[in-house]
Amino acid sequence: MRFNFTSHTAAVTTTSTPASTTVAGYNKEKSAQPLKRPPTIEEDPDSLDSVISNPQSYPITIVPNRPASFYGLSTNGKAFQRQPSCRSRNFRPGSMRRVRRRAVFKNGDCNVVQKHLQRRRVRFLQDMYTTMVDWQWRWTLLAFALSFILSWLFFALIWWLIMYTHGDLEELHLPHNQEDSGWAPCVSAIDGFTSCFLFSIETQHTIGYGVRTTSPECPEAIFMMCFQSIFGVMSSAFMAGIVFAKMTRAKQRAQTLLFSKHAVICQRDGCLSLMFRVGDMRKSHIIGAGVRAQLIRTRSTKEGEVMTQHFTELQIGTDESGADLFFIWPMVIEHRIDESSPLYNLNATDMLQDKFEIVVILEGTVESTGQSTQARSSYINTEILWGHRFDPVVLYNKDLQAYEIDYARFNETTQVDTPLCSARELNEIYKIQEGFRTPETTFNLRQVSSNNHSDQAS
């Protein structure tokens with residue numbers, strides 16, 4: 001975006017007049033100059049359109065940097081209106097937002113949208129229990145309430161029809177006239193739809209206030225009372241099971257499993273290693289905890305096929321215990337970048353320019369409930385800090401006689417000296433520094449060394 005500042009400035013000519021006269025004339029001319037016009041924004045088709053038309057680039061929101069006076073008053077104290085802009089209303093001055101593509105968000109949700117599914121609603125209704133468990137809480141509670149209210153109304157209508165067909169709702173057969181007429185109703189104390197609705201609630205939930213009771217005069221009323229009682233038990237069990245399953249599902253336990261905000265790359269025992277940290281906020285531990293990491297990047301095959309979402313398993317572990325964790329405190333998970341690593345040829349510059357994503361998965365069994373749980377997170381290339389190391393968070397407290405975990409330092413890192421070259425180049429440098437020799441070269445050097453010692457002895 002280009003800013004074109006147009007103004008009518010008087011020309012200043014340099015003559016042989018004295019300096020004071022020249023300055024005075026210049027000041028007069030400067031005071032007579034008209035005020036500068038507000039900046040006008042001209043469209044630069046090569047700035048934003050090139051980004052939008054390039055599918056390989058990230059979606060970038062470009063925001064112009066406008067002067068502060070552009071939104072205030074002009075130099076003469078009069079307010080002026082903002083110039084019309086051809087840009088979108090989404091542009092906000094003083095900010096720039098860059099959106100990165102990722103398959104898994106930091107909170108563990110998958111960035112996947114499905115479309116063009118055939119018979120989607122029918123298939124979801126066939127698995128109604130799982131569908132209702134996956135609903136959001138507002139829809140689950142709405143379905144929970146409607147299941148009772150609609151069933152009460154439905155059975156109230158059936159009871160009203162039974163009363164109506166039997167003649168209990170006629171004027172001479174109402175409750176206050178039954179003693180005089182000697183009428184035996186199907187259900188006592190029923191005089192309209194409202195009383196049928198109350199009797200429906202009492203029957204479905206076995207409340208039984210003792211006023212409205214079923215008589216042996218109507219077999220259909222006896223059958224309906226038995227059917228509604230069975231239906232009430234089944235519907236209550238079904239809805240209670242959905243709420244219980246939704247409250248105790250493993251996704252909620254994953255909210256207390258933590259992943260570090262950034263991953264780091266530094267040296268460990270002379271080898272470059274990619275590391276991230278995992279932690280658990282609860283005292284109840286994860287039994288049989290295991291960690292996996294997968295790299296998602298674009299890969300081309302020998303036949304020319306381009307796989308934009310190619311998964312590669314990363315070999316990870318903690319200390320020397322492998323991927324199985326004794327998860328009692330936060331632990332640093334390490335991926336050693338060696339010859340078998342897909343990051344073996346990437347240096348610090350390539351790490352920033354390359355487009356990839358590392359998905360990390362923590363799985364285990366909840367100690368308190370015995371259910372399996374899974375927590376996910378991911379790191380893109382800009383979330384990997386080269387030349388950093390995690391600060392320790394576990395210290396022994398002598399006063400408490402226990403190990404103390406400081407979660408305030410969970411994401412803290414320290415910058416350390418780390419080569420900017422790739423792991424492959426670093427291994428080659430180490431081989432040269434250590435005097436890497438072939439067996440023939442080693443034998444020849446030993447012969448030369450032995451000859452020198454014999455010459456010195458003689």
Side-chain angles (χ1 to χ4, degrees), residues 114 117-252 369-371:
Q114 299 175 348
L117 291 176
Q118 298 180 357
R119 302 179 59 191
R120 180 177 182 271
R121 295 183 179 179
V122 176
R123 296 177 184 272
F124 275 56
L125 289 176
Q126 290 176 352
D127 189 13
M128 192 64 185
Y129 184 80
T130 306
T131 302
M132 296 185 69
V133 171
D134 291 338
W135 278 351
Q136 296 182 359
W137 269 109
R138 57 177 176 266
W139 302 116
T140 302
L141 296 177
L142 179 62
F144 184 84
L146 289 178
S147 65
F148 290 105
I149 296 174
L150 295 179
S151 63
W152 296 338
L153 293 173
F154 174 74
F155 284 106
L157 179 61
I158 294 179
W159 284 114
W160 184 86
L161 292 175
I162 293 175
M163 302 299 116
Y164 181 80
T165 55
H166 189 258
D168 295 344
L169 300 180
E170 296 179 3
E171 183 65 26
L172 297 177
H173 300 160
L174 292 178
H176 60 276
N177 295 327
Q178 289 176 0
E179 294 182 0
D180 299 336
S181 61
W183 181 258
C186 293
V187 179
S188 60
I190 295 294
D191 56 0
F193 183 79
T194 303
S195 57
C196 291
F197 180 75
L198 295 176
F199 181 72
S200 175
I201 297 175
E202 297 174 13
T203 303
Q204 183 167 334
H205 299 286
T206 64
I207 297 176
Y209 290 113
V211 178
R212 300 177 181 88
T213 57
T214 306
S215 65
E217 295 294 330
C218 303
E220 62 272 17
I222 298 174
F223 172 78
M224 185 54 58
M225 181 185 64
C226 297
F227 179 78
Q228 187 176 3
S229 299
I230 296 174
F231 177 82
V233 173
M234 294 182 61
S235 62
S236 299
F238 181 77
M239 295 308 301
I242 290 176
V243 175
F244 178 78
K246 191 173 181 65
M247 293 179 62
T248 59
R249 59 180 177 171
K251 184 178 180 180
Q252 306 301 330
T369 62
Q371 293 183 339

Sub-3.5 Å donor-acceptor pair from the side chain of T214 to the main-chain atoms of I222, do we have one?
no

Of F193, W159, F155, the one forming a ring-ring contact (aromatic ring centres under 6.0 Å, His included) with F199 is W159

Within-4.5 Å side-chain heavy-atom neighbours: L172 and E170:
no

Honestly, is R212 close enough over Y209, meaning NZ or CZ under 6.0 Å from the six-membered ring centre and within 45° of the axis?
no

Check: S200 side chain, C196 main-chain N or O, donor-acceptor pair, under 3.5 Å
no

Quick check for you: to the nearest 0.5 Å, what is the distance between E220 atom CD and H166 atom NE2?
7.0 Å

Of all the heavy-atom pairs spanning S235 and G232, show the shortest one and how long it is.
OG-O, 3.1 Å

Drop me the distance from M163's CE to I158's CD1, to the nearest 0.5 angstrom.
11.5 Å

Within this structure, what is the CG-CG distance for the pair L146 and L141, rounded to the nearest 0.5 Å?
11.0 Å

Heavy-atom side-chain proximity of T140 to I242 below 4.5 angstrom
yes

Any donor-acceptor pair under 3.5 Å linking the side chain of S236 with the backbone of V233?
no

Rounded to the nearest 0.5 Å, how far apart are CD of Q136 and CG of L142?
12.5 Å

Tell me, do D127 and R123 make a side-chain contact under 4.5 Å, heavy atoms counted?
no

One should read off an interatomic distance between Q178 CD and H176 NE2, to the nearest 0.5 angstrom, of 9.5 Å

Here the pair of heavy atoms bringing L169 nearest to D191 is CD2-C, 4.1 Å

Would you please test I207 and I201 for side chain to side chain contact (heavy atoms under 4.5 Å, CB included) and show each step?
CA-CA 8 Å; I207 297 176; I201 297 175; 4.1 Å; yes

Mark yes or no for whether Q204, through its side chain, and S229, through its backbone, hold a donor-acceptor pair below 3.5 Å.
no

Tell me whether F238 at atom CZ has more than 12 heavy atoms from other residues, nucleotides or ligands lying less than 6.0 Å away.
yes

Closest non-hydrogen contact found for M239 with S147 is CG-OG, 3.6 Å

Give, for atom CG of L174 and atom CG of D168, the distance between the pair rounded to the nearest 0.5 Å.
9.0 Å

Under 4.5 Å between any side-chain heavy atoms of W183 and E217, yes or no?
no

Would you please name every residue forming a disulfide (SG to SG under 2.5 Å) with C186, sequence neighbours left out?
C218

Return the orientation label for the F148 and F144 ring planes: parallel under 30°, perpendicular over 60°, tilted otherwise.
perpendicular

Please lay out, stage by stage, how T194 and W160 fare under the test side chain to side chain contact (heavy atoms under 4.5 Å, CB included).
CA-CA 9 Å; T194 303; W160 184 86; over 6 Å; no

Tell me, with the steps shown, if S181 and N177 meet side-chain hydrogen bond (donor to acceptor under 3.5 Å, both in side chains).
CA-CA 6 Å; S181 61; N177 295 327; over 6 Å; no

Are the side chain of T131 and the backbone of F124 linked by a donor-acceptor contact shorter than 3.5 Å?
yes

